[in-house]
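First the proteins, then the strands, lettered A, B, ... as listed; each starts at 1.
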Amino acid sequence: MHWSNYFIPTLREEPADAEVVSHKLLLRAGLIRQLGAGIYSYLPLAQRSVLKISNIIREEMNAVGAQEFYLPAIHPAEYWQESGRWSIMGDNMFRLKDRKGGDYCLGMTHEEVMTDIARHELRSYKQLPQVWYQIQSKFRDEPRPKSGLLRVRQFTMKDAYSFDIDQAGLDKSFDDQRHAYCRIFSRCGLEYVIVEADTGAMGGSASNEFMVYTNAGEDLVASCHECDYAANVEKAKSRIPAIDDGAAASAPEKFPTPGVRTIDDLVTFPGGAAADRQIKTLIYVSVAEKGNDARSTPFLALLRGDHPLNEVKLANAIAGLVNTDGWEQTAIRPAHAEEILELMGANAGSLGAVGFSKAWVIADEALRGRVNMTTGANEDDHHLRGVSVERDIKVTKWADIRSVAEGESCPNCDSGKLQVGKALEVGHIFKLGTKYSNSMGARVLNSDGKEVPVIMGCYGIGVERILAAAIEMHNDDAGIIFPITIAPFQIVVTPLNVRDAELKAVGDRIYSELHEAGIEVLYDDRDERAGVKLNDADLVGFPFQLRIGPKKLKEGKVEFYDRRTKQSEDLPADQAVKIAIDRIHDELNEGAHAPRVRNQPRLLE
RNA sequence: CGGGGCGUAGCACAGCCUGGUAGUGCGCUCGGUUUGGGACCGAGAGGUCGUAGGUUCGAAUCCUAUCGCCCCGACCA
């Protein structure tokens with residue numbers, strides 16, 4: 001490929017709209033251009049890289065026996081209505097009508113479509129297991145697209161689905177995928193950590209996320225520095241030291257607290273209490289749907305005063321109470337001030353659950369057994385002290401609803417402390433169980449001749465996120481440093497002045513020989529100054545450069561430059577091709593096998 | 001959806017407050033000099049000032065509406 005004729009629109013200046021480093025570099029290096037919010041065109045360099053990533057994924061999927069499909073991106077509404085997700089997905093789903101007024105959507109994911117194929121074609125346990133996958137565009141009308149390719153509205157996903165007869169089969173399929181994912185991310189040059197995760201709208205029993213530590217990430221991961229425990233904070237647990245509450249008071253005692261509105265206020269208020277000896281009372285509203293009906297249900301969430309609420313955990317805890325009689329919780333939100341006053345008869349700042357029974361009360365596990373606590377009296381400007389949680393409060397449900405904090409003890413080992421770091425999700429694997437096979441009727445006969453629902457799993461990878469994550473991880477002031485496995489080209493050959501016939505002739509020869517040898521080589525034959533060409537090559541981040549300049553060529557040498565190590569080395573011009581090929585092969589092999597698991601966050605700046 | 005910011009040439013921006021000639025740098029075209037880390041000189045091309053309406057003799061500039069994009073909070077690959 002000749003650069004003079006290849007479309008690589010590099011930018012000298014930083015694009016004003018880009019915030020995160022991968023976004024800036026993808027634009028500057030001429031890989032992507034924006035069409036709309038969260039909608040990007042992939043230019044030739046990006047397309048080459050994405051195809052290489054896709055092929056790595058394809059190879060590893062095939063290696064664990066998965067079979068490649070290609071499903072429609074446009075889905076009739078009925079399938080999503082059957083699974084119940086037509087309403088659950090809400091505004092996140094792109095919807096459209098056909099000429100006859102029929103409802104359709106653009107696929108956000110493909111459980112429904114795959115399950116539809118499975119229920120029509122799978123009849124017997126003898127056909128199982130099946131593992132099906134595809135690499136295809138997904139459409140999600142994100143409320144807030146951002147950060148270049150990190151959060152977009154159209155993206156490419158590898159999505160795989162497994163169908164097994166029993167739990168043991170699912171465990172095997174899940175482990176196969178997990179193994180394949182490790183290989184995929186390692187081969188793509190990512191350092192990642194596997195974490196326990198929330199299942200969210202996907203449903204199911206268990207899930208693992210593959211996370212890349214980066215400050216551009218939007219998730220928080222808690223990990224132990226002693227053992228291999230790691231979890232999304234939406235799921236993470238921790239051990240906390242017991243607190244000495246003293247002897248339980250015989251009964252709660254009301255006392256006036258004029259002007260006290262917050263936990264902190266009460267800490268400093270005379271006769272108040274330390275934050276960890278207070279009960280924080282939050283009012284939330286669960287929003288649920290049933291067909292076209294919707295309803296809002298306010299409820300209480302209780303936490304230790306110094307503990308932050310985790311909304312995902314709370315949503316999961318309350319869902320079990322809300323989801324009855326066909327009602328399906330779609331969201332939770334903090335209650336508005338008027339709703340609080342109506343339910344509690346008091347304003348935020350003086351709320352408490354003692355003697356309260358008008359709504360569900362979800363209490364955090366950390367409050368179990370606590371006595372002598374202080375909380376709002378549910379009367380403006382008054383609090384209660386001497387509260388014994390289990391004696392004085394009617395708790396509907398105990399649950400873990402707090403977020404863990406840095407420095408708390410690992411739930412998995414004796415001595416470890418948790419660290420919390422920002423991370424980007426690049427893959428997510430789920431044990432779905434029978435959620436879709438039940439709702440959509442995918443059943444087979446087992447060996448006893450009995451009809452049973454198929455046990456499913458689903459497994460997703462964001463293809464462009466791998467590209468963006470690799471750039472987030474591998475870059476410097478000069479630009480991208482591509483891992484060779486996903487680089488658009490493996491090497492660039494650069495005669496520093498193409499008007500110099502001698503340099504040009506050597507460049508032509510080296511380029512042809514590399515090309516003949518099957519190396520992915522780009523030939524920078526542009527009539528530009530050396531500085532422009534070298535800066536562009538650094539910016540795009542090809543792993544290697546072969547620079548042909550007049551001084552060294554007089555000595556019969558050319559310069560071999562390693563973008564990652566910044567080391568250059570003079571090679572005899574007549575052996576440069578052979579040596580370069582060896583280097584490229586070495587690098588490719590190393591990339592394919594090096595374990596690249598990282599259990600600890602990078603230090604935050 | 002709540003909050004903040006921005007829409008002027010391909011890119012980055014100035015001009016707006018205080019209404020009157022459309023401007024700078026980079027990039028692009030042509031000519032010349034230059035050639036190992038984003039050259040220099042000269043001559044050019046290129047803009048419905050996001051869109052619509054209003055105020056005014058006159059609007060990039062003031063007013064109203066609207067669309068779009070970016071960033072901060074609740075969702076996910």
Side-chain angles (χ1 to χ4, degrees), chain A residues 9-20 23 27-28 30 33-39 57 88-93 108-109 135-160 181 197-202 207 209-212 217-219 232 234 284 287 311-312 314-315 330-334 336 424-430 458-469 478 494-500 503 527-539 545 547-553 558-559 561 568:
Chain A
T10 58
L11 265 25
R12 289 197 182 196
E13 293 184 72
E14 289 215 333
D17 283 347
E19 198 79 7
V20 302
H23 189 196
L27 287 165
R28 281 195 59 210
R33 287 295 183 264
Q34 182 173 32
L35 188 64
I39 308 175
I57 294 172
I88 288 180
M89 290 308 187
D91 289 338
N92 280 340
M93 182 180 259
M108 305 175 65
T109 169
I135 299 174
Q136 202 225 21
S137 294
K138 298 285 186 274
F139 300 87
R140 299 182 183 180
D141 194 359
E142 293 284 345
R144 188 151 110 72
K146 58 180 285 204
S147 305
L149 295 188
L150 292 184
R151 183 171 211 75
V152 292
R153 297 197 292 174
Q154 174 179 347
F155 63 100
T156 311
M157 187 197 270
K158 184 289 301 178
D159 46 321
Y181 274 42
D198 181 64
T199 52
M202 220 49 94
S207 79
E209 286 170 330
F210 288 73
M211 308 292 265
V212 173
E218 299 179 283
D219 285 272
N232 195 304
E234 295 171 353
Y284 265 73
V287 181
E311 286 198 3
V312 172
L314 180 62
T330 55
I332 64 166
R333 60 168 173 80
H336 303 139
L424 171 71
E425 180 185 7
V426 290
H428 201 160
I429 56 180
F430 298 83
C458 73
Y459 317 93
I461 288 180
V463 176
E464 297 90 347
R465 264 198 193 172
I466 292 181
L467 173 60
T494 311
L496 294 172
N497 181 354
V498 294
R499 296 191 187 188
D500 182 325
L503 299 187
D527 182 13
E528 290 284 355
R529 298 175 67 81
V532 172
K533 296 167 73 152
L534 295 176
N535 280 320
D536 272 349
D538 288 347
L539 174 61
Q545 303 172 19
R547 302 165 171 176
I548 304 155
K551 289 180 197 133
K552 284 175 183 164
L553 193 59
V558 297
E559 181 182 342
Y561 180 77
S568 61

Rounding to the closest angstrom, what is the interatomic distance between [N] and [M] at atom [atom1]?
| N | M | atom1 | answer |
| --- | --- | --- | --- |
| U8(B) | G54(B) | P | 24 Å |
| C63(B) | C70(B) | C1' | 26 Å |
| A52(B) | C13(B) | C1' | 27 Å |
| G20(B) | C30(B) | C1' | 36 Å |
| G73(B) | C28(B) | P | 39 Å |
| U66(B) | G19(B) | P | 27 Å |
| C71(B) | G32(B) | P | 46 Å |
| G4(B) | G38(B) | P | 44 Å |

Any base atoms under 4.0 Å from [X], or only sugar-phosphate, or nothing? Heavy atoms, all strands.
| X | value |
| --- | --- |
| Asp219(A) | base |
| Arg33(A) | nothing |
| Asp536(A) | base |
| Asp538(A) | base |
| Arg333(A) | nothing |
| Val426(A) | sugar-phosphate |
| Ser568(A) | nothing |
| Val463(A) | nothing |
| Glu464(A) | nothing |
| Gly427(A) | sugar-phosphate |
| Leu11(A) | nothing |
| Lys146(A) | sugar-phosphate |

[N] phosphate, OP1 or OP2, under 4.0 Å from [X] side-chain N/O:
| X | N | result |
| --- | --- | --- |
| Arg529(A) | U35(B) | no |
| Arg144(A) | C72(B) | yes |
| Gln34(A) | G68(B) | no |

Would you kindly give the [atom1]-to-[atom2] distance between [X] and [N], to the nearest whole Å?
| X | N | atom1 | atom2 | result |
| --- | --- | --- | --- | --- |
| Asp527(A) | U34(B) | CG | P | 14 Å |
| Glu19(A) | C72(B) | CD | P | 6 Å |
| Met93(A) | C76(B) | CE | P | 13 Å |
| Asp91(A) | C75(B) | CG | C1' | 12 Å |
| Arg28(A) | C26(B) | CZ | P | 17 Å |
| Ile548(A) | G37(B) | CD1 | P | 17 Å |
| Asn232(A) | C75(B) | CG | P | 11 Å |
| Met108(A) | C76(B) | CE | C1' | 8 Å |

Minimal non-hydrogen separation, [X] against [Y], with atom names:
| X | Y | value |
| --- | --- | --- |
| Met108(A) | Arg140(A) | O-NH2, 2.7 Å |
| Leu503(A) | Pro495(A) | O-CB, 4.0 Å |
| Gly549(A) | Leu496(A) | CA-CD1, 3.7 Å |
| Leu149(A) | Ala468(A) | CB-CB, 4.1 Å |
| Gln545(A) | Asp538(A) | NE2-OD1, 2.8 Å |

Inset, instruction - Say whether Glu559(A) and Ser568(A), considering side chains only, have a donor N or O and an acceptor N or O under 3.5 Å apart. - result: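 Yes.
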Could you check which of [options] has an atom nearest any side-chain atom of [X]?
| X | options | result |
| --- | --- | --- |
| Asn497(A) | A74(B), A77(B), U35(B) | U35(B) |
| Asp17(A) | U35(B), C76(B), C70(B) | C70(B) |
| Glu142(A) | C75(B), C11(B), G36(B) | C75(B) |
| Glu528(A) | G38(B), C28(B), U35(B) | C28(B) |
| Pro550(A) | G36(B), C72(B), A77(B) | G36(B) |
| Pro143(A) | G25(B), A74(B), G37(B) | A74(B) |
| Arg12(A) | C70(B), G38(B), U34(B) | G38(B) |
| Asn535(A) | A12(B), G36(B), G37(B) | G37(B) |
| Arg465(A) | C72(B), G25(B), C76(B) | C76(B) |
| Glu559(A) | C72(B), U35(B), G36(B) | G36(B) |

Inset, instruction - Nearest-nucleotide wise, let me know which of Glu218(A) and Lys533(A) is further upstream toward the 5' end of RNA chain B. - result: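 Checking each residue's closest nucleotide, the 5'-ward one belongs to Lys533(A).
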Legend entry - Residue closer to the 5' end of RNA chain B, Leu539(A) versus Thr156(A) (nearest nucleotide):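 Checking each residue's closest nucleotide, the 5'-ward one belongs to Leu539(A).
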Residue matched to [N] through Watson-Crick or wobble contacts both under 3.5 angstrom:
| N | result |
| --- | --- |
| C6(B) | G68(B) |
| C16(B) | none |
| G53(B) | C63(B) |
| G37(B) | none |
| A43(B) | U29(B) |
| G73(B) | C1(B) |

Inset, instruction - Just label U21(B) as syn or anti from its O4'-C1'-N9-C4 or O4'-C1'-N1-C2 angle, using within 90° of 0 for syn. - result: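 Glycosidic conformation of U21(B): syn.
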Inset, instruction - Please test Lys138(A) against Asp159(A) for side chain to side chain contact (heavy atoms under 4.5 Å, CB included), starting from the C-alpha separation and ending with a verdict. - result: CA-CA 10 Å; Lys138(A) 298 285 186 274; Asp159(A) 46 321; 3.0 Å; yes
Inset, instruction - Ignoring hydrogens and angles, tell me if any N or O in the side chain of Tyr284(A) forms a donor-acceptor pair with the backbone of Leu314(A) under 3.5 Å. - result: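 Flag not set: sc Tyr284(A) to bb Leu314(A) has no pair under 3.5 Å.
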Legend entry - N/O donor-acceptor pair, side chain Glu13(A) with base G25(B), under 3.5 angstrom: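 Looking at the base of G25(B), it does pair with a donor or acceptor on the side chain of Glu13(A) (distance under 3.5 Å).
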Legend entry - Within 45° cone of Phe155(A) ring axis and under 6.0 Å: Arg465(A) NZ or CZ: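 Geometry flag: not set, cation outside 6.0 Å or 45°.
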Legend entry - Student check: side-chain heavy atoms of Leu27(A) and Arg33(A) closer than 4.5 Å: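 Yes, at least one pair of side-chain atoms sits under 4.5 Å.
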